[in-house]
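Everything on this sheet refers to the single structure shown next.
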Amino acid sequence: MEKGIPLRFTMRKMRYLVIGKNGQLGKEFLRKLSEKVNVEVIAVGREECDISNLEQVLSLFSTTKPDVAINCAAYNFVDKAEEDYVTAIKVNSLGIRNLAFASKKYKSFLVHYSTDYVFDGMKRNGLYTEEDTPNPLNEYGKSKLLGEKLLKEETDNFLLFRVSWVYGDGKQNFIYKLLTWAKDREYLMISNNEVSVPTSTKTIVEMTLKALDADLKGLYHLTNSGYASRYEWAKKVLQVKGIRKVIYPVSSEVFNLPAKRPEFSAMSNSKLAKTLDVEIPWWEYELERFLKTER
């Protein structure tokens with residue numbers, strides 16, 4: 001019997017439902033769960049279930065009846081959400097309410113992920129903790145915060161993780177974009193006034209599974225340790241990859257992006273680390289591991 005698994009789950013295989021199987025986080029969950037024994041994994045993408053459609057969500061839960069549902073589906077287009085906020089709300093807010101409703105109805109445990117963009121970046125006395133009051137600056141952050149609220153209103157049987165600057169195998173992350181830019185340009189301009197925590201999907205998945213084994217519930221910040229500006233992150237990526245380019249540190253205002261970002265949204269992972277009694281890898285260490293072993 002795996003540590004922390006309730007007795008009601010020990011007589012049969014644990015059934016995990018991974019929602020959002022095609023994203024970088026969903027893919028990492030499928031990779032990691034395939035290594036576990038005595039588990040059954042069901043994975044769906046948007047083509048199988050649109051989480052903003054309650055009927056589809058209820059049908060999925062009715063058919064699969066998961067012990068644990070892990071939601072990796074999200075609308076992550078931060079700038080596009082400024083105009084397409086209706087879609088952002090449908091997926092990041094109403095979609096989470098649908099999942100929470102179905103989880104409660106079918107007695108499933110729900111894992112969901114939010115973002116550091118629920119904060120405004122104005123904190124000046126340390127990293128953001130779970131006790132700090134959110135105040136999102138953009139429509140994406142607002143949709144994610146509303147999703148948090150609707151989740152808590154529907155059920156108390158959940159794990160809610162706020163994550164930041166997520167990267168893994170895939171194209172929807174800063175590292176992929178940076179390396180693409182570096183192919184065509186000798187000079188790169190990278191923001192030096194946006195600070196958060198680069199966080200790998202490997203860390204997110206490993207810590208999530210440890211939290212599930214320990215029967216944790218509620219809100220936690222889940223990031224790698226430390227923090228960095230995008231400029232520092234970019235320098236580290238190119239250094240590890242052995243790519244020589246000139247990187248100019250500039251203000252994010254230079255790019256005139258539609259969505260306003262918090263300048264400092266680094267979150268503390270201390271609550272989770274202390275509760276699980278683990279050391280969460282520093283962002284530099286995890287970044288080097290990823291860049292040297294990426295598939």
Over all heavy atoms of both residues, which pair between [X] and [Y] is shortest? Give the atoms and the distance, please.
X: Thr223; Y: Ile280; value: O-CG2, 3.3 Å
X: Ser268; Y: His221; value: O-CB, 3.2 Å
X: Leu216; Y: Leu159; value: O-CG, 3.4 Å
X: Ser143; Y: Ala88; value: CB-O, 3.7 Å
X: Leu25; Y: Val205; value: CD1-CG2, 3.9 Å
X: Thr201; Y: Gly168; value: OG1-CA, 3.6 Å

Euclidean distance, [Y] [atom2] relative to [X] [atom1], rounded to 0.5 Å:
X: Thr63; Y: Lys65; atom1: OG1; atom2: NZ; answer: 7.0 Å
X: Leu272; Y: Leu222; atom1: CG; atom2: CG; answer: 5.5 Å
X: Leu94; Y: Ser52; atom1: CG; atom2: OG; answer: 8.0 Å
X: Arg261; Y: Ser265; atom1: CZ; atom2: OG; answer: 11.0 Å
X: Ile19; Y: Cys72; atom1: CD1; atom2: SG; answer: 8.5 Å
X: His112; Y: Arg162; atom1: NE2; atom2: CZ; answer: 10.5 Å

Looking at side-chain heavy atoms only, is the closest gap between [X] and [Y] below 4.5 Å?
X: Leu54; Y: Asn98; answer: yes
X: Lys149; Y: Leu145; answer: yes
X: Leu291; Y: Val237; answer: yes
X: Leu209; Y: Leu33; answer: yes
X: Thr64; Y: Tyr106; answer: no
X: Lys171; Y: Thr180; answer: no
X: Val78; Y: Tyr117; answer: yes
X: Met267; Y: Thr129; answer: no

[Y] backbone acceptor or donor facing [X] side chain under 3.5 Å:
X: Lys245; Y: Arg185; result: yes
X: Lys241; Y: Lys292; result: no
X: Asp67; Y: Arg15; result: yes
X: Ser93; Y: Leu146; result: no

Could you tell me if [Y] and [X] have a donor-acceptor pair between their side chains, going purely by distance under 3.5 Å?
X: Thr133; Y: Asn135; answer: no
X: Lys217; Y: Asn157; answer: yes
X: Thr203; Y: Asn224; answer: yes
X: Asn269; Y: Ser225; answer: yes

Candidates Gln24, Glu206, Glu28, Glu286 - the one meeting side chain to side chain contact (heavy atoms under 4.5 Å, CB included) with Ser200 = Glu286

query = Mind checking whether Tyr248 and Tyr187 have parallel, tilted or perpendicular rings, split at 30° and 60°?
reply = parallel

ask   = Quick one: which of Trp233, Tyr227, Phe174 gives a ring-ring contact (aromatic ring centres under 6.0 Å, His included) with Trp165?
value = Trp233

ask   = Below 6.0 angstrom between ring centroids: does that apply to Tyr140 and Phe77?
value = no

request  = Quick one: do Asp116 and Ser164 satisfy side chain to side chain donor-acceptor pair (under 3.5 Å)? Show the steps, please.
outcome  = CA-CA 5 Å; Asp116 58 324; Ser164 66; 4.7 Å; no

key: side-chain contact (heavy atoms from CB on, under 4.5 Å) evaluation trace for Asn71 with Ile96   = CA-CA 9 Å; Asn71 179 41; Ile96 310 315; 3.4 Å; yes

Test of understanding: clusters of I, L, V, M, F, W, Y form through side-chain heavy atoms closer than 4.5 Å, transitively. Do [X] and [Y] belong to the same one?
X: Ile89; Y: Leu99; result: no
X: Phe101; Y: Phe109; result: no
X: Ile204; Y: Val111; result: yes
X: Leu238; Y: Tyr285; result: no
X: Val39; Y: Val68; result: yes

Charged N-O contact under 4.0 Å between [X] and [Y]:
X: Lys123; Y: Asp132; value: yes
X: Arg97; Y: Glu153; value: no
X: Lys144; Y: Glu148; value: no
X: Glu284; Y: Lys236; value: no
X: Asp50; Y: Lys90; value: no
X: Lys235; Y: Glu232; value: no
X: Glu40; Y: Lys13; value: no
X: Lys260; Y: Glu82; value: no

task = Any chance you could lay out the side-chain contact (heavy atoms from CB on, under 4.5 Å) test for Phe61 and Ser103, step after step, and finish with the verdict?
result = CA-CA 7 Å; Phe61 276 71; Ser103 295; 3.5 Å; yes

inquiry  = salt bridge (Lys or Arg N to Asp or Glu O under 4.0 Å), that's the test. Do Arg230 and Glu194 meet it? Break it down for me.
reply    = CA-CA 6 Å; Arg230 284 201 184 272; Glu194 286 181 79; 3.6 Å; yes

key: Evaluation steps, side-chain contact (heavy atoms from CB on, under 4.5 Å), between Leu30 and Lys21   = CA-CA 8 Å; Leu30 295 182; Lys21 67 177 182 180; 4.1 Å; yes

task = Would you please test Asn193 and Tyr231 for side chain to side chain donor-acceptor pair (under 3.5 Å) and show each step?
result = CA-CA 8 Å; Asn193 65 330; Tyr231 171 72; over 6 Å; no

message = What verdict does the side-chain contact (heavy atoms from CB on, under 4.5 Å) test give for Leu110 and Ile70, after you've listed the backbone C-alpha separation in whole Å, the side-chain angles of each residue and the deciding distance to 0.1 Å?
response = CA-CA 6 Å; Leu110 180 61; Ile70 302 174; over 6 Å; no

